[in-house]
There are 2 protein chains.
Amino acid sequence: MISAERALDALGDPTRRLVFKRLREGNRSVQEIADGLKVSRPAVSQHLRVLKDAGLAVVRIEGTRRLYAIDTRGLESLRGWLDGFWDKTLTAFKQAAEREAAKERRSR
Amino acid sequence: MISAERALDALGDPTRRLVFKRLREGNRSVQEIADGLKVSRPAVSQHLRVLKDAGLAVVRIEGTRRLYAIDTRGLESLRGWLDGFWDKTLTAFKQAAEREAAKERRSR
DNA sequence: CTAAATCGTTAGCCTTGACTTACCGTAAGC
DNA sequence: GCTTACGGTAAGTCAAGGCTAACGATTTAG
């Protein structure tokens, strides 16, 4: 099971989001991902590890290269978290509105 | 305009997520939110400021109390970011698959 | 078999930011 | 007026983690 909270923690860093966005361009090596970014290759490597542990990235080893790509399970987990949060927010709003209405009736 | 990146930064902290979740219970004062959490009231106050700046919370002043609630605009921004990311990921996947297919045809 | 390329890992530095304590302003109640 | 409750802000501490530099393992090329 992939934790949405882990994914949120992972995406809470701006540089890591840049790395994550570059994963959309398909299977890329660490070097390719690091090029164009302002941080060193080891930094990118560490960010990729966090993304992988959070279920947001997958690796495929090809010779000495490691090709990273997006793991859609992390995105699905995030979407689920967001949907659930949205639902609970709406029901809470509805209940609050009903309480307000009841209070109105009592005071009238 | 509300930035989804700001929202992601804000939700990248576990304690802040706890504060955010408590906002679903309706209009709550800072003291009420802090009760049940393991951090002090000023800490909660700072978290609320970050959430507010990120478009995830709104305040309503009532006497000496400030009632915080969820700002749905932040959630909508997040959802938009996630949907856009999902779309671009899929199209990138599709393009990659087409490139793979073209390579297959060439090698045959 | 040697050399180069690729990437992970570790150590250490240093910045960021989460937290507490203390203080101050403000609004309501006596 | 005075007091009490509520909450934002400042100052300071401290741990988390992001970064670089150096090293090591593995694979491919020649």
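So that the names make sense, note that chain A is the first sequence line, chain B the second, and so on, each numbered from 1. Every value quoted in this text rests on a predicted model; they were computed, and no experiment measured them.
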**OP:** Identify the residue among A:Asp35, A:Leu48, A:Val59 that makes a side chain to side chain contact (heavy atoms under 4.5 Å, CB included) with A:Val30.
**Re:**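 When A:Asp35, A:Leu48, A:Val59 are each tested with A:Val30, the side chain to side chain contact (heavy atoms under 4.5 Å, CB included) holds only for A:Leu48.
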
Does [N] have its OP1 or OP2 closer than 4.0 Å to a side-chain nitrogen or oxygen of [X]?
X	N	answer
B:Ser45	D:dG8	yes
A:His47	D:dG17	no
B:Tyr68	D:dC6	no
A:Thr15	D:dC19	yes
A:Arg65	D:dT27	no
B:Arg16	C:dA18	yes
A:Ser40	D:dT20	yes

Original post:
Can you check whether A:Phe85's main-chain N or O pairs, donor with acceptor, with A:Thr89's side chain at less than 3.5 Å?
Top reply: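 Yes, because the side chain of A:Thr89 sits within donor-acceptor range (under 3.5 Å) of the backbone of A:Phe85.
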
**OP:** Run through B:Arg65, B:Arg66, B:Arg60 and flag the one making a side-chain hydrogen bond (donor to acceptor under 3.5 Å, both in side chains) with B:Glu62.
**Re:**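 Answer to the side-chain hydrogen bond (donor to acceptor under 3.5 Å, both in side chains) test with B:Glu62 among B:Arg65, B:Arg66, B:Arg60: B:Arg60.
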
Subject >> ILVMFWY cluster, A:Leu82 and A:Leu56 together (side-chain gap under 4.5 Å) >> reply: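 Yes; tracing contacts between hydrophobic side chains, which count when under 4.5 Å, links both residues.
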
For [X] and [N], what is the distance between atoms [atom1] and [atom2] respectively, to the nearest whole Å?
X	N	atom1	atom2	answer
B:Ile61	C:dA28	CD1	P	11 Å
B:Asn27	D:dC6	CG	P	17 Å
B:Leu67	D:dG7	CG	C1'	12 Å
A:Leu48	D:dG18	CG	P	13 Å
B:Leu51	D:dG8	CG	P	12 Å
A:Arg41	C:dT10	CZ	C1'	13 Å
B:Ile33	D:dC6	CD1	P	14 Å
A:Arg28	C:dT6	CZ	P	15 Å

Original post:
Touch check for B:Lys52, heavy atoms < 4.0 angstrom, all strands: base, sugar-phosphate only, or nothing?
Top reply: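 No contact.
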
**OP:** Could you say whether B:Glu32 or B:Gln46 is positioned toward the 5' end of DNA chain D, judged by the nucleotide with the nearest heavy atom to each?
**Re:**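 The residue mapped nearer the 5' terminus is B:Glu32.
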
Original post:
Toward the 5' end of DNA chain D, which comes first, A:Ala43 or B:Pro42, by nearest nucleotide?
Top reply: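 Upstream on the strand: B:Pro42.
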
Original post:
Has the side chain of B:Arg66 got a donor or acceptor atom sitting under 3.5 Å from an opposite partner on the base of D:dG7?
Top reply: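 When only heavy-atom distances are counted, B:Arg66 does not reach the base of D:dG7 through any donor-acceptor pair under 3.5 Å.
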
Subject >> Of the listed nucleotides D:dT9, D:dG7, C:dG8, the one nearest the side chain of B:Arg49 >> reply: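 Nearest listed nucleotide: D:dT9.
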
Original post:
Looking at A:Arg79 and B:Asp83, does any basic side-chain N land under 4.0 Å from a carboxylate oxygen?
Top reply: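 Answer for the salt bridge query: yes.
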
